[in-house]
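Heads up, the thing below is written out as structure tokens.
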Number of protein chains: 2
Amino acid sequence: MTQPADDAVAAPLGRSRAEETAAALRALIADAELTPGMRLAEVDLARTHAVSRNTLREAFRILSEQSLVVQVPHRGAFVATPSVMSIIDIYHVRRMIECGALRTALPKHPGVTRMREAVDTALAARESGDWRTVGTANILFHSAIIELADSPRLARFADALAAEVRLAFGLVDDPEYLHAPFIDQNARIVELVAAGSADEAAEALEGYLHRAERVLVTAYERASAARA
Amino acid sequence: MTQPADDAVAAPLGRSRAEETAAALRALIADAELTPGMRLAEVDLARTHAVSRNTLREAFRILSEQSLVVQVPHRGAFVATPSVMSIIDIYHVRRMIECGALRTALPKHPGVTRMREAVDTALAARESGDWRTVGTANILFHSAIIELADSPRLARFADALAAEVRLAFGLVDDPEYLHAPFIDQNARIVELVAAGSADEAAEALEGYLHRAERVLVTAYERASAARA
DNA sequence: TTGCGCTAGATTGTTCAACAATGCAAGCGA
DNA sequence: TCGCTTGCATTGTTGAACAATCTAGCGCAA
């Protein structure tokens, strides 16, 4: 029987070890401990996660379907590397679905509370210069917008998009630059929704996401050039 | 070495056997040879597809992430069964993304040609009473709408939704009832887009999808009751 | 010195056998 | 008839083995 190790998968709570392993890897990717392009060596990872190679391969399949991992036949699995085209596509889709969710938003929807909480978190974190928390709050803000649509499928889709864009954030590695310009905009959007001005909120978000895309794409290209 | 069998996976063309197996199973599901709720027994399927159980499990993971298969720990894998809530969610999301894609459609986009081809196919099939082809053409019509958005992620998401809703179509098993009322509506929507009336087309699609949802939900409930 | 070809080693993709864990169905007893 | 127990079938996982593939390094020739 394999011995538990540092990254060992905890006893499953109704989840299989493959799923637990996938979740653990997903967290490592989200925390930028596994970075885009990094090769995920089966033998090493199976050992550190205390699972067999077959179980790890199942986990890779899960993550591959979630676009977080790319499996190249006979060469291995790699943490996905977003391309500029990917970033553009993600923001294009985000504009469609987030603005769509906002347009039909009800002012008293629980998602609005979550949006406000995310904004409050970001404002407090900004005071103490904790830009990493600002970045996380920003992601939660967008997740809360999607929550307004009350759709599990849309939430899942948006979650996958967010995980991908987070890879790009990690590569740029400057949460202040990426998120600081938008904190007050987030606050404004919440107020518009709460005041029943859904169309105006959607209009504001549309412009905001265009700008956020510009900021990320140029920063991403700069970071990519600096690493080449 | 495992011997090829009837459902054996062909030699991979750059794809792994797990992926080929997943694709083969997906086709069986789409063709209603594997129907919702059906149990996918590993030992049997591994034999008929001439792969090992581990490889089959990888294929299950792929399909599970695509919501076509549900893996229940220690009980097995089953072809997903759409619930009424699922159908409602799918149509809710389809309205958002298809109408969104239509609103920004360009009249000369190649997707419009594909929409028109799907309509022509449906019209011809209607003449000969080939309702199964009408159903397939209808699915292609909606896929073409998504193509207007030029987004690989959105296309992939919409493809997954379509695969799910197709399960429900299969359970109702009456393509004439489900699709006949909408053929002429599809034709009208194409003409509106081609004429540059994108907003009007989106408006028409919004109402259409509401009605289509009503038709499917009631037919689905009737079919479910008849099988209980 | 440089470029090309070949080989060895590392790794992945898959298979197989085995065993533990789990759930379900059948049988038995109250 | 209902509840409990047991046995069997199946799934979840492991580990070993081997084929297939790729990459890197070495040697030789120009």
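Below, chain A is the first sequence line, B the second, and so on; all start at residue 1.
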Which nucleotide in the set [options] lies at the smallest distance from any side-chain heavy atom of [X]?
| X | options | result |
| --- | --- | --- |
| A:S52 | D:dG15, C:dT12, D:dT11 | D:dG15 |
| A:H74 | D:dT13, D:dT11, C:dG13 | C:dG13 |
| B:N54 | C:dC16, D:dT10, D:dA20 | C:dC16 |
| A:R61 | D:dC22, C:dT14, D:dT13 | C:dT14 |

Whole-Å distance separating the [atom1] atom of [X] from the [atom2] atom of [N]:
| X | N | atom1 | atom2 | result |
| --- | --- | --- | --- | --- |
| B:E20 | C:dG13 | CD | P | 14 Å |
| B:R39 | D:dA9 | CZ | C1' | 9 Å |
| A:H49 | D:dG15 | NE2 | C1' | 19 Å |
| A:E42 | D:dG15 | CD | P | 15 Å |
| B:L56 | D:dT10 | CG | C1' | 13 Å |
| B:R75 | D:dT10 | CZ | C1' | 12 Å |
| B:D44 | D:dT11 | CG | C1' | 13 Å |
| B:E58 | D:dT11 | CD | C1' | 16 Å |

Is the distance from OP1 or OP2 of [N] to the nearest side-chain N or O of [X] less than 4.0 Å?
| X | N | answer |
| --- | --- | --- |
| A:T55 | D:dT14 | yes |
| B:R57 | D:dG12 | yes |
| B:R53 | C:dA17 | no |

Closer than 4.0 angstrom, basic N to acidic O: yes or no for B:D159 and B:R156?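 Salt bridge between B:D159 and B:R156, a charged N being under 4.0 Å from a carboxylate O: no.
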Whether B:D174 and B:R132 form a salt bridge (side-chain N of Lys/Arg under 4.0 Å from carboxylate O of Asp/Glu) is what I want to check.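 Salt bridge flag = no for B:D174 with B:R132.
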At 4.0 Å (heavy atoms only), tell me whether B:A41 reaches a base, stays on the sugar-phosphate, or touches nothing.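 Since only primed, P, OP1 and OP2 atoms lie under 4.0 Å of B:A41, the category is sugar-phosphate.
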If we ignore angles and hydrogens, is there a donor and acceptor under 3.5 Å between the side chains of B:S52 and B:T55?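 Judged by distance alone, the side chains do pair up.
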Less than 3.5 Å apart, any donor N or O on the side chain of B:T21 or B:R15 sitting next to an acceptor on the other?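 Note: B:T21 and B:R15 side chains miss the donor-acceptor criterion.
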Stacked cation flag B:R94 on B:Y91, 6.0 angstrom / 45 deg: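 Yes.
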